[in-house]
Structure formats: structure tokens, C-alpha cells
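Notes follow the structure.
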There are 2 protein chains.
Amino acid sequence: MARTDPEIGPAPPATERGRRTRRKLLDAATAEFGERGFHEASIASITQRAGVALGSFYTYFGSKEAIFRDLVRDLSDGVRFAAAQRLAERDLGALDTERAALSAFLEFAREHKEIYRIIDEAEFVDPQSYRDHYEKTAERILGRLRIGAGAGELRDDLEEAHAWAIMGMNVFLGLRYAVWADEDNAADGAERAALAANSILAEGIGPRPKTS
Amino acid sequence: MARTDPEIGPAPPATERGRRTRRKLLDAATAEFGERGFHEASIASITQRAGVALGSFYTYFGSKEAIFRDLVRDLSDGVRFAAAQRLAERDLGALDTERAALSAFLEFAREHKEIYRIIDEAEFVDPQSYRDHYEKTAERILGRLRIGAGAGELRDDLEEAHAWAIMGMNVFLGLRYAVWADEDNAADGAERAALAANSILAEGIGPRPKTS
DNA sequence: CTATAACTTGAAACATGGTTCAAGTTTCAA
DNA sequence: TTGAAACTTGAACCATGTTTCAAGTTATAG
């Protein structure tokens, strides 16, 4: 669990004013990175959006990469937190939980395409955060699978690879039916995607036994 | 089917020498982009690897983006072609075909991590190629599913979303167990991944009927 | 109050690397 | 043989945008 990064940039803000400014920069950066991508984004534009002088940026972040890294970690935590909360609301069976998780994710991706994009771009800008994000997400999924297996609602031989498979399904369905969707049929597409995924999880793709 | 891009850059090489040089640049670019990513990569370094003068680059490609675009299309075609060939060798049942496809993909990704990376980075450098790649791939998968359904080996209600779900599984398993694998247990991990995916497709994740 | 730390400012320094170009060399058809 | 088109060359141009910095302002502890 040791921090890999020995170079720790600027100290955290000591005053309320400082924290506010830092937050403004982070929010501005979310918009900027989300709209233009990491490389197109400019620090000048971020500080402008934040209503802050260019130089102030370096009071809070050591570099363009640094703010991106912080951002990805923020967003990654936020996404997982939102999802967990959403699932905690109701107590569902194992398969329904997975369906709900995917639905929540699709809805979230539809509302916050920028976030989706930022996290994905981390694969190239800050690979470590990217790995961390998906590893943590896979762990969450695996945790749910284990609970389901314990309750006898799922197979009892599910392991890491199954969690990654499910995560991959979800991510690609999100890309196709949330991020790339035309706004018109977005909700509809998301619905079909969720059903398709769930039916695979429920019964696989093999031939259906004759309708009982 | 109209070409979206009216600006067509340099004309294709007219002589054998020209075609050779262009190919050298493309190969060098594969290595360069694969190792350093699009933005870290430099044209100077590409021409150096190719053993060609800097200026020659612009005889064949209009810009850094242009060569990247060409490259992605090349690689995308190559990957699909290799996969198709591999599957055509033997005539397998529908489920075994999917397993074979995933195995082939994992092996390929393990051998050519650069290619995997380049195609993925296209999401940010040249979104159109990225979409094209995955849309074509999903179509291939859907085609296989339809054949399987026609033969009564698969459910007959499989549609686009199912293909995307399967593709997502494959891509993420590839990321985790081929691209990120430590070389030691790579082959083993890939094997388990393929089994996990196939078991989901075969029977879902629901509880197993008591072992007959 | 007041001294010090925290924070703000924006112009200027700086680095990088994509792109152009004018001059040379090779190829090849007529 | 010869002239034009295809190709090669690498130095110089140039745009861009990150980072630094020294001077000013605001907050806060003693």
C-alpha cells in the first residue's frame, strides 16, 4: 500500500480560501479535460474557467499531469461511491443487483460523458490511476458475486476473471449505448443493453430449453 | 458510405521506392506509437527509426494525425483478418467458436501489446477510426451469433447488444490477462480468462443445477 | 497591531517538436 | 540520352502552451 510517488508537489491548502480555489480549479479542469481531452486542454483555459490567475494553478498542482491524476482519483471514487449508494438503497437478489448496477452505470455515463472520457483517457495519461480504477471496480463486482454465491443465488466458482468479464460487458455497453447514443433513443438503447447483459448472465447464450 | 475527409493529403507513392519508404515509415510509427503513445511519439524519432530524413515524412503523410489514422486502419484490418483466418481453419460449434475467438485474441494481444495500445488510443486521437474498429468487430461477432442461432446452437434472439457485451468481455479480459499480465503466468491467466468467459456464455452465472 | 504565512497575479522565459522549403538526387518513359 | 516527375534531405521556421518568478494582496496568529 506504499505510495508510489515520492514527489509530492505543493502542500494542501491551509486556509478556507485556498480550499475554495483548489476546488474551483478541479471543477474547471473536469469541464476542460472532459470537453477537449487531456492534450487539447490548456492550463490557461482551466484557470480562465475557474476565474483565477494563470500562476495560481501552480500553487495547488505541480503540473498538468498532477491535476489530471488528482481528478481521476476524485472521479473514480465518486463513481464507485454513487454506485454503491444506489445499490444500497434497495436489497435485491444477486442477478437483479447486477442489472441494477449496469442500469445505474449506463444512466450515470449518459449524464456525465465527460467523466467517462476522463477516466478512459487516464489509460494513456496516467496508467496507474486507470489500473487502480478498474481493479477497484472489479473487486467490487467480485465482492457482489461472492455474496450471491454465498446466498446460493449464483454459481460458487466465480472468480476474478468473471468479474472482469462482467465489467468489460458493462463498460462496452456503456460506450455504445450511453456515450455514443443519439440523445433520442438513448434511454431505449440503454434499456435493451441492460436486458441483453442480464440475459447473458442469467442463462448464457446457448439455446433456450423449450418454453416450459 | 461517403468519405468524410475531403482533404486527402499527399498522393500515394508512384514508384516502388516510394512504396518501400512509406512502408518503412508505417512500421517505424507502429513501434514508436506503441512504445511511447501518440503524444510522446515524435516524427523525428519515427523517421530516425525508419532511416529516412525528417522531411520525407511529409512526402507520404500530411501530418502526425494522418499517419496515426492510416496506421489504425491498417492494424484494425490486420487484426480482424488474422482472427477470421484463424477461425476459418477449423469448423467449430458456435460456443467453441467464441472460445477460439477469445483465445486467439488473447494470444494476439499478448504478442502485440503495441497494437492493442494504438487502437485504444485512437479513442482520443482519432475517434472515428476507433468507432469503426469496434463497430466492425461487433458486426463480425453478431454475424457468428446469427450463424449459431440459425444452426440451433444458440438462442435465436441475440442482437447487437449481445455482440457488444461479448466484445466488451473479450477486450477487458485481454487488457487484464494479456496486456497487463506478468510474463510468467500470462499463458495460464489467459487460459483461465477464456474459460471464465466461455462458461458465462454457456450457462450464465446462475446457480448450477445439482451435478446430475 | 503587526509580522508572517498563505495566497494571488500575469508577464516573460522557456522548451518542444510539428511543419515548411529550397536545393539536391534518383528513377524512368520517350 | 534527356528531361521531367518522383523522391530525398535537414536546417530553419514557428506556434503553442507549460512553467517560473518577483512583486503585490489578503488572512491570521500572537
Side-chain angles (χ1 to χ4, degrees), chain A residues 5 7-29 31-71 121 124-126, chain B residues 5 7-71 118 121 124-126:
Chain A
D5 201 352
E7 36 186 329
I8 1 167
T15 73
E16 187 49 35
R17 176 167 62 140
R19 277 185 291 276
R20 260 202 316 277
T21 303
R22 188 173 151 30
R23 170 76 0 229
K24 278 195 287 185
L25 286 168
L26 241 15
D27 291 343
E32 175 78 2
F33 286 137
E35 279 171 29
R36 326 223 305 201
F38 180 80
H39 296 279
E40 288 298 302
S42 85
I43 294 179
S45 174
I46 290 173
T47 53
Q48 230 168 320
R49 284 179 194 251
V52 157
L54 181 51
S56 288
F57 180 89
Y58 290 90
T59 304
Y60 300 101
F61 305 98
S63 67
K64 196 182 176 187
E65 277 76 16
I67 193 178
F68 188 86
R69 190 165 45 238
D70 285 6
L71 204 50
E121 193 165 16
F124 304 99
V125 176
D126 179 26
Chain B
D5 200 351
E7 37 186 327
I8 1 165
T15 72
E16 186 50 34
R17 175 166 64 140
R19 277 184 292 276
R20 258 202 317 275
T21 303
R22 196 183 126 96
R23 173 60 20 217
K24 277 196 286 184
L25 285 168
L26 240 17
D27 291 343
T30 307
E32 176 78 0
F33 287 137
E35 279 171 30
R36 325 224 304 201
F38 180 79
H39 296 280
E40 289 295 303
S42 86
I43 294 180
S45 173
I46 291 173
T47 53
Q48 229 168 320
R49 285 180 195 249
V52 158
L54 180 51
S56 288
F57 180 89
Y58 290 90
T59 303
Y60 300 100
F61 305 97
S63 66
K64 196 183 177 186
E65 277 77 17
I67 193 177
F68 188 86
R69 190 165 46 239
D70 285 5
L71 204 49
I118 291 171
E121 193 165 15
F124 304 97
V125 176
D126 179 28

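A, B, ... follow the sequence lines: proteins, then strands. Residue 1 opens every chain. No hydrogens, no waters, no symmetry mates; every other heavy atom, side chains included, goes into these values.
- Between B:F57 and B:I67, the closest side-chain pair of non-hydrogen atoms falls below 4.5 Å.
- Within 4.0 Å (heavy atoms only), B:S42 reaches sugar-phosphate atoms of the nucleic acid but no base atom.
- A:Y60 and A:P13 get closest at one heavy-atom pair: CE2-CG, 3.9 Å.
- Distance A:F61 CZ to D:dT20 P: 15 Å, rounded to the nearest Å.
- Ring geometry, A:F124 versus B:F124: the interplanar angle exceeds 60°, so the pair is classed perpendicular (tilted spans 30 to 60°).
- Of the two residues contacting DNA chain C, namely B:S63 and B:R17, the nearest-nucleotide position lying further toward the 5' end is that of B:S63.
- Both distances falling under 3.5 Å, in either a Watson-Crick or a G-U wobble arrangement, place C:dA30 opposite D:dT1.
- Between B:H39 and B:K64, the shortest heavy-atom distance links the atoms O-NZ, 3.6 Å.
- Taking the side chain of B:A53 as heavy atoms from C-beta on, and the options D:dA6, D:dT9, D:dA27, the nearest nucleotide is D:dT9.
- Between the CZ atom of A:R20 and the P atom of C:dA6 there is a distance of 17 Å, rounded to whole Å.
- Rounded to whole angstrom, the span from the CZ atom of B:F57 across to the C1' atom of C:dC21 amounts to 17 Å.
- If you take CZ of A:R19 and C1' of C:dC7, they are 13 Å apart, rounded to a whole angstrom.
- Residue B:T21 places at least one side-chain N or O closer than 4.0 Å to OP1 or OP2 of D:dT8.
- Panel note: side chain B:E32, backbone B:S42; a donor-acceptor pair is recorded below 3.5 Å.
- Heavy atoms of A:A11 sit nowhere under 4.0 angstrom from any nucleic acid atom.
- Rounded to whole Å, the distance from NZ on B:K64 to C1' on D:dA15 is 15 Å.
- Take the nearest nucleotide of DNA chain D for B:V52 and for A:E40: the residue whose nucleotide is more 5' is B:V52.
- Within 4.0 Å (heavy atoms only), A:S56 reaches at least one base atom of the nucleic acid.
- Between B:H39 atom NE2 and D:dT18 atom P the separation is 13 Å, expressed in whole Å.
- Out of D:dT18, C:dT9, D:dC7, the shortest distance to the side chain of A:Y58 is found at D:dT18.
- Following rounding to the nearest Å, B:I46 (CD1) and C:dT19 (P) show an atom-to-atom distance of 11 Å.
- The residue A:Y60 sits close only to the backbone: its heavy atoms come under 4.0 Å of sugar-phosphate atoms, none of a base.
- By the 30° and 60° cut-offs, the orientation of the rings of A:F68 relative to A:F38 is perpendicular.
- Per the geometry, CD belonging to B:Q48 stands 14 Å off C1' belonging to D:dT9, to the nearest Å.
- Here B:L54 lies in heavy-atom contact (under 4.0 Å) with a base.
- Base contact: B:T59 has a heavy atom under 4.0 Å from a base atom.
- When heavy atoms are screened at a 4.0 angstrom cut-off, B:G55 is found touching base atoms of the nucleic acid.
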